[in-house]
Amino acid sequence: MSTSGSAQSQPASRPTVNLLLSGVGGQGVVLASYVLSQVAMAEGYDVKQSEVHGMSQRGGSVTSHFRFGDKVWSPLVTPGTADILLSFEALEALRYAHWLRPGGLLVYNTVRINPSPVAAGLAEYPADIDARIAAVAANVRRVDAGALAEEAGTVKAVNVVMLGATSSALPFAPETWEVVIRRVVPPKTVDVNLKAFALGAAQGTSEAAACTTGA
Amino acid sequence: MTSQKLAEKAGTSSVESSRRVEILSANEAIARGAWEAGVRVASAYPGTPSTEILEAVAQYPEIYSEWSPNEKVAMEVAIGASMAGARALVCMKHVGLNVAADPFFSASYIGVEGGLVVVSADDPGMHSSQDEQDNRNYAKFAKMPLIEPSDSAEAKDYLVLAYELSERFDTPVLFRTTTRTSHSKSIVELRERPELEPITKLQRNWTKYTMMPANAIVRHPVVEQRLLDLAQYAESSLLNRIEMGDPRTGIVTSGAAYGYAREAFPEASFLKLGMTYPLPAKLIAEFRGKVERLYVVEELDPFLEDLIELMGVKVDGGKNVISILGELDPGIIARALAADGVLGVTEDLLSVPASHADDLPGRPPTLCPGCSHRGINMVLKKLRVFVSGDIGCYSLGALPPFEAMHCSTCMGAGISMAHGMAQTLAPTEPGVAIDLRNKPMAIIGDSTFFHSGVTSLMDVAYNGGKTLTLILDNRTTAMTGGQQNPGTGKTLLGEPASTVDIPALCRSLGIRRVTEIDPLNLAEVERVLREELAADEASVVIAKSPCVLQYRIKREPWHIEPDLCDGCKRCLRAGCMALNLLAVPDGSRKVEIRADQCNGCGVCAQVCNQGAIQFLPSTQAPVAAEAPPASTAPRSPEQAATKVAPTAPANAAGDGGPTPSDGKGAA
């Protein structure tokens, strides 16, 4: 997978890139996946994306599969093959961590949202969730997306922050992201969302640097 | 939210846009294909994974589209439109075709005037269904052609072709998708819709259109000849193609499995079937002759495999290597065929990494905070009555912490099954208290009641049954994402409509005891249910409260006074995501209400013995913490100030509230 610059390379040399997005129903996972697919299409890639709209979305665990390349056959990412796992919640990061290929990148929002068995006192949220994630994924970017979204102007832009935090690992030009975000979000929220994306991107870059230096 | 809606929001609606490509789900592509094919009438009953087709069709003003009360009605509307000369589309989930099977089979004998396509969206893996029946069998059963797209582009192009096929061969066409085609998105090239002349005349052709014995006897041989003609067509159809690669391995496949198989064995040879019934015998024999080993890769039943083997063609691997159960993916196919000696596998797909989630708490679906079904399920659990359930959001009442629904078979079955149970049980001796654990009652939602509960209730009344039916009227078809129905006062297109008067309907069926209750008032719910369960005749209780998700109802949150909470966890029986058990430094436990999640229904407060759960409207000064006797004098939800949230979401997430609105669920 190429992670540098925009898509300038020869069409024939672009292998399929696999992303799995995970989160909790209502966090905007589906919309984030939609933005990704629009950006990839605008950059000339073939795109396939898949999610299940089912009972799982009544506050349940949600995933979206997103793949792009010169020719994509299957809409599904399979466990052990994701180049990037983009998780909107810590428990949902660990739940799907084994979908990453060896050396794959995990970008996750550090927020903890109790699932219903925890809220009902029937189970415990793992207190050491961050340590457990660190133990199973070597290449990790941790993002406090809620705080960054709030800094941008709305706590609801968490999904755009997360896209920003992932953007440096994707071969898409910054201008393409901006064009698509402008097109997809409500007009009044364009500035807030572009700021959210920028804050996420800055966080992602610094996390990436921390990762390479072993910090 | 469908991507069509998203695109529209972004000002790039595929309807008006001059852009020629768009990323669409197969459901949206089918809608687009219907528009491009000149379809005039489209009907459906919502059901995952088919629901978004009609929602997307409704964006095209040239097509009359409707939610019908059930799939049988939808099928008949489409048959009528076809008979009147229109190209017609009818869509349903796989189990919906069971409901619509009667007209579906007759339509095969009748044939078409305008093209007729029946979309069946199957659900391998049962993401949101009660079974994973393989509806390809219906094509063979009803003797009509079967078309299966592999992605969104094929969904659109094949649908247009299906209409040509339907009219050329005078047959309805079964068009089958699965969850992974319906809900996967890929790039689709858009085309235009032809100009259509208005239809002003009905065709009269009674020997063809009136299915009575004398006419049907004449039609049957026509249907049989049609299958032979279709099989001939299949030999040279663009729908079926050989893609030669490595001749050592030949894979016959279709639908979503084609993409998976190409991913797993990119160098193999493929016979890719877009038309999977009737099959092209010569093409299959030709392919067999070109490859060393022949595999059939298909989800669920050995539908293709059995038909191919019946032709006398040797299949080296099919259901003997790939499970008949569940959904496939590229990894399953890679491992199954590689283990059978097939070379050229995509190596990455072979490993099965161990999950790190075995000990993690699950995240199952739950009722939304503020949901009117919550209090009902709490009371039903308390009563320990046997609940014959149905299909909708309230089905979550079968799960912990409620475990208050004890059977569920199919849409509309709850009432008639409760009646059957009641007629089976020995009557309670006079003077002996009723044992509620062995007393059946029915529970059903408004949309499911309109779908197929009405005739069941008629049965109870007509045959002198004594069953209690609890109708949960939340004014929407909630589980599939909030579609209109005959009780909502609006059509699919958002136009004003008549509204079914449920109490009057029940009375007209012969039910004399009809009571309406507020499902957020637990004391009232319990009192009325106890009275009606003791009644010596059939009765109906209607719990009326609108869906908070669909109607964007946002009430002010309640809170828990920490000093009053004794950590008894009674409130956690509400199974509400707004309630959160906290560990207190002194080692005890207390419950808090998360204000961002709470939707102010007050149900938890009604079970708190300590009066710790209190409502403090933001406009009101906090009151002193006097403990009201909550269990005996529950706070009425009317005390809670109700405000309706703005309809336009002000965020990129769009639907980023505490609960999803992009979710679609079971029918």
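Naming: A, B, ... by sequence-line order, numbering from 1 per chain.
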> With a 4.5 Å cut-off on heavy-atom pairs, point out which of A/Ser50, A/Ala32, A/Pro117 contacts chain B the most.
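Greatest number of close heavy-atom pairs with chain B: A/Ser50.
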
> Count the heavy-atom pairs under 4.5 Å between each of B/Gly331, B/Cys571, B/Ala354 and chain A, then report the option with the highest count.
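Of the options given, most contacts go to B/Ala354.
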
> Tell me whether the count of non-hydrogen atoms from other residues, nucleotides or ligands lying under 6.0 Å of CD in B/Glu592 goes above 12.
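It does: B/Glu592 CD has more than 12 such atoms within range.
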
> For chain B, which candidate among A/Val118, A/Ile129, A/Val155, A/Leu91 shows the most heavy-atom pairs at distances under 4.5 Å?
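Highest number of heavy-atom pairs under 4.5 Å: A/Leu91.
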
> Can you tell me which of A/Glu124, A/Gln49, A/Glu92 forms the most heavy-atom pairs within a distance under 4.5 Å of chain B?
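Counting heavy-atom pairs under 4.5 Å, the top option is A/Gln49.
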
> Check whether A/Pro79 gets within reach of chain B through its side chain, its backbone, both or neither, counting any heavy atom under 4.5 Å.
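For A/Pro79, the contact with chain B is made by backbone and side chain together.
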
> How long is the straight-line distance from CG of B/Leu367 back to OG of A/Ser116, given to the nearest 0.5 Å?
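A/Ser116 atom OG to B/Leu367 atom CG measures 10.0 Å (nearest 0.5 Å).
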
> If you count heavy-atom pairs under 4.5 Å between each of A/Lys188, A/Arg67, A/His65 and chain B, which one has the most?
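Looking at each of A/Lys188, A/Arg67, A/His65 in turn, A/Arg67 comes out on top.
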
> Calculate, to the nearest 0.5 Å, the distance between atoms OH and CD1 belonging to A/Tyr34 and B/Ile23 respectively.
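If we round to the nearest 0.5 Å, A/Tyr34:OH and B/Ile23:CD1 are 7.5 Å apart.
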
> Checking B/Asp359 against chain A: side chain, backbone, both or neither under 4.5 Å from a heavy atom?
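For B/Asp359, the contact with chain A is made by the side chain alone.
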
> Please report the interatomic distance CZ(A/Phe66) to OG(B/Ser184), rounded to the nearest 0.5 Å.
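The CZ atom of A/Phe66 sits 13.0 Å away from the OG atom of B/Ser184.
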
> Measure B/Pro361 against the heavy atoms of chain A and call it side chain, backbone, both or neither at under 4.5 Å.
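It is both, since atoms from each part get that close.
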
> Can you tell me which portion of A/Ile113 sits under 4.5 Å from chain B's heavy atoms? Options are side chain, backbone, both or neither.
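When you check distances to chain B, atoms from both the backbone and side chain of A/Ile113 fall under 4.5 Å.
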
> Most heavy-atom pairs under 4.5 angstrom with chain A, which of B/Pro400, B/Gly362, B/Ala357, B/Ser182?
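That would be B/Gly362.
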
> Test salt bridge (charged side-chain N to carboxylate O under 4.0 Å, His left out) on A/Lys48 and B/Glu263 and set out the steps.
CA-CA 13 Å; A/Lys48 278 199 165 69; B/Glu263 200 76 43; over 6 Å; no

> Give, as side chain, backbone, both or neither, the part of B/Leu328 having an atom under 4.5 angstrom from any heavy atom of chain A.
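Contact with chain A is through the backbone of B/Leu328 alone.
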
> Could you measure the distance from the NE2 atom of B/His127 to the CD atom of A/Glu51? Nearest 0.5 Å is fine.
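It comes to 12.0 Å.
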
> In Å, rounded to the nearest 0.5 Å, how long is the span from CG of A/Leu76 to CG of B/Asp329?
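Answer for the CG-CG pair, A/Leu76 versus B/Asp329, is 6.5 Å.
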
> Find the distance between CD (A/Glu89) and CZ (B/Arg363) and round it off to the nearest 0.5 Å.
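A/Glu89 CD to B/Arg363 CZ: 4.5 Å, rounded to 0.5 Å.
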
> Heavy-atom distance under 4.5 Å to chain B: side chain of A/Thr81, backbone, both or neither?
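Just the side chain, heavy atoms under 4.5 Å.
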
> When you compare the side chain of A/Met41 with that of B/Ile187, does any pair of heavy atoms fall below 4.5 Å?
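With C-beta onward as the side chain, the pair touches.
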
> Quick check: do B/Tyr258 and A/Ser74 have side-chain heavy atoms less than 4.5 Å from each other?
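No, side chains not in contact.
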
> May I have the step-by-step check of side chain to side chain contact (heavy atoms under 4.5 Å, CB included) for A/Arg132 and B/Leu360, ending in yes or no?
CA-CA 11 Å; A/Arg132 286 187 61 178; B/Leu360 298 183; 3.7 Å; yes

> Name the region of B/Arg589, side chain, backbone, both or neither, that has any atom closer than 4.5 Å to a heavy atom of chain A.
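Only the side chain of B/Arg589 comes within 4.5 Å of chain A.
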
> Any idea which heavy atoms bring B/Met577 and A/Ala119 closest together, and the distance?
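For B/Met577 and A/Ala119, the tightest heavy-atom pair comes out as SD-CB, 4.5 Å.
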
> Select one option (side chain, backbone, both, neither) describing which atoms of A/Thr78 are under 4.5 Å from chain B's heavy atoms.
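Only the side chain of A/Thr78 comes within 4.5 Å of chain B.
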
> If you tally heavy-atom pairs under 4.5 Å against chain B, which of A/Gly80, A/Ala120, A/Ser64, A/Ala123 wins?
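Option with the greatest count: A/Ala120.
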
> What side-chain donor-acceptor pairs closer than 3.5 Å can you find for residues 141-153 of chain A, not counting sequence neighbours?
| from | atom 1 | to | atom 2 | distance (Å) |
| --- | --- | --- | --- | --- |
| A/Arg141 | NH1 | A/Ala165 | O | 2.8 |
| A/Arg141 | NH1 | A/Ser168 | OG | 3.0 |
| A/Arg141 | NH2 | A/Ser168 | OG | 3.2 |
| A/Arg142 | NE | A/Tyr108 | OH | 3.1 |
| A/Arg142 | NH2 | A/Asp130 | OD2 | 3.1 |
| A/Asp144 | OD1 | A/Ala147 | N | 3.4 |

> Which bit of B/Ser351 is near chain A, if near means a heavy-atom gap under 4.5 Å: side chain, backbone, both or neither?
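Contact with chain A is through the backbone of B/Ser351 alone.
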
